[in-house]
Amino acid sequence: MIEIEFLGYFADLAGCKKATIKMRKGKVKDLLEFFPKILEVPRENIIVLVNGIAAKLETSVREGDKVAVMPPIGGG
Amino acid sequence: MKGWTGKILFYDLSKARFKVWEYGGDFAEKYVGGRGFAARILWERAVGVDPLSPANPLVFAAGPLTGLPGPSTGKFVVAAKSPLTGGYGDGNLGSLAAVHLRWSGFDALVVEGKARKPSYLYVENGKAELLDAEDLWGLDTFAAERKLKERHGKNSGILVVGPAAERGVLYSTIISQEGRAGGRPGIGTVMASKNLKAVVFKGTKQPEIHDKQRYSRLVAEAYRDIEAKPNYEFWIRQGTMAAIQWSQANSVLPTYNFSEGVFDHADKISGDAMEKIKVERRGCPLCNMQCGNVIHDSDKMLAELDYENVALLGSNLGIGDLRVVAALNRIADMLGLDTISLGNTIGFAIEAGEKGLLKDVPEWGDSKAVRELIEDIAYGRTELGKMLARGVKRAAKAVGNGAEKIAVHVKGLEVTGYDCHAAPAMALAYGTSPIGAHHKDAWIISWEVQTERLGYTREKVEKLIWMQRIRGGVFETLVACRLPWVELGFSLDWYLKLFRAATGFSVTMDYLYEVADRVYALIRSYWVREYGGWSRKMDRPPAKWFEQPLTKGPYKGAKLSWDGYEKMLSWYYNMRGWDERGVPRISTLRKLGLEDVAEELSKHVPLSE
Ligand code: SF4
């Protein structure tokens, strides 16, 4: 299982804040195939963290990993 | 001239007299407005002045878009020589006052001198008069504004200072509409030092627009474009509060006086938590994406929340209760204290207490003690309150014994809501911000986390300068709120189109960038002149991020490297055309049309070719 969390308005796009996906290994972008609306967002506007560390859509993930995906939201 | 009114009102409080300066197109073309006007006026008129003396000019400067119907254009710049930093200080404030300043026929107001007794200034359609404020002095900012509204009508534009400014707290702001605040580097303190409790603007004439039809069409399209953005609806729900979770996820949420980037109770102060208890929305005039989130605070009063005040008065102090944080924020606004510097300074005091450097200070998370301390600071009630009222840099010096190492500021201005242990470019943004540590000129962290996050690269420096040009230049001179662009991805092209339609100037974005570079060089020259020299040490971020690594979260162990930082700082100077000390070169000043500045500056410090 891989846990994926969506922050900001990505939760609206994904239709959920959190999901677990059965996958032994793959890339972050493979996980996002379950959430097509996120993949419609331009790539430079998708921030990915794997276990809290900055990552990319191409980063490999495997069972037990926690992925967070979010837009470059600001605080002002 | 169209777009601009072409007039600046100068009011001398000592003589209770005003003059109107009808400036020419050259001045407008060179400095555009807002920060550009303020920087030039301070360069000329605030030479070697004591910031709290009558001689320090207090500037309220709008730009050619301010107050015209348009996306989030109800904003202007408040500026003065800062009593907190001793350098150039300004803040961006959204208020009906910005709109009415322009509608009363002026692009800026410059207040000089000092009134004989507590007074307020009333500006209406081309005229100004000084009125008695004895009954307002001592009132909190909400009460004072309510009284003035009763007197002058609820639609007038009102700026007030609170008891903190009256007592000389060095990070007092100017407050409007019970929650809009501006002028972090003590611009409110400067206002109160002039015995000026408030300024009321009332105007009825919209500035002339070059191509009115086109302008109106553009504005209608622009507002529609903003509302059609995919994240518009989410922004309306959470505003900047979404950044709490974001910062927590990215390990940059200021926690325990910027010792950590993650907070155990972040979910209790997050945007999601806020959304559940939100009751209404407030904001600046002319804005269709108002971001002030209002909830009932722990005193059952209505209070506003945004990211910065929740980060600084919440996680940074170990307080994980949103309603309590909202109350602290409301109290700070009523007293007229900058919530960021306040949270930062109190965080310093708590940590100093923990380290045995200070006695009788609150503990992390003790909101009751924090609340008392806030009032002690504003009213100068205790020795601790008096010391913290002078800001973290001076407080650290007074405490001694290495306390400087836990003081989180740049040039004396307290750092805002982003921890930089694992964000080198954001640290550089704080280091080089033209007013001291502030994110308003470059919120680069959002981009930085998508690149080689811990790297010290040239690309980061290039991006930083680009951001400073837009955020610190374009938005601060036009003047409009940057948030439609930053938060919703509203295109920059709109601003250029609006500027052209308003003024008739057929220019490109490069023109606005050049103005931004000119203003940056001018502000840097101002600092250098007022300090009588410069050293790159002045542009260094707090030592804590380099010496005391994170102990929690995914970036545990992370800290900055001095070598890496210095390398980026040199690139930065080089790209700006400043020398290795951080002083603009003669050739740079000349290229930007600042020959007179070069000449004057060279009398104070030797300049590099
Ligand atoms: S987005 Fe927020 S800060 Fe900007 S103008 Fe609107 S209410 Fe004011």
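The structure presented is a predicted model; accordingly, all values stated were derived computationally and were not measured. Chain letters run A, B, ... following the sequence lines, proteins first, then strands; residues in each count from 1.
Annotation: maximal heavy-atom pairing with chain A below 4.5 Å, among B:Val449, B:Asn250, B:Val262, occurs at B:Asn250. For the options B:Asp272, B:Thr416, B:Asp306, B:Ile445, heavy-atom pairs under 4.5 Å to chain A are most numerous at B:Asp272.
Proximity to chain A is absent for every atom of B:Gln238, based on heavy atoms less than 4.5 angstrom apart. Using a 4.5 Å cut-off between heavy atoms, B:Glu452 makes no contact with chain A at all.
Counting non-hydrogen atoms of neighbouring residues, nucleotides and ligands closer than 6.0 angstrom, the NZ atom of B:Lys463 exceeds 12 such neighbours. Counting non-hydrogen atoms of neighbouring residues, nucleotides and ligands closer than 6.0 angstrom, the NZ atom of A:Lys66 reaches no more than 12 such neighbours.
Contacts between residues 2-30 of chain A and chain B, counted as heavy-atom pairs separated by less than 4.5 Å, involve A:Leu7, A:Gly8, A:Tyr9, A:Asp12, A:Lys17. Scanning residues 51-62 of chain A against chain B with a 4.5 Å non-hydrogen threshold yields A:Asn51, A:Gly52, A:Ile53, A:Ala54, A:Lys56, sorted by number.
Judged as a ring pair (Phe, Tyr, Trp, His ring centres under 6.0 Å), and not counting sequence neighbours, the contacts of B:Phe263 are B:His265. Every side-chain hydrogen bond (donor to acceptor under 3.5 Å, both in side chains) that B:Gln468 has, sequence neighbours left out, goes to B:Thr432, B:Tyr572, B:Arg576.
For the atom pair CH2 of B:Trp447 and CD1 of A:Ile47, the computed distance is 11.5 Å after rounding to the nearest 0.5 Å.
Looking at every heavy atom in both residues, A:Glu44 comes nearest to B:Gln450 through O-OE1, 2.6 Å.
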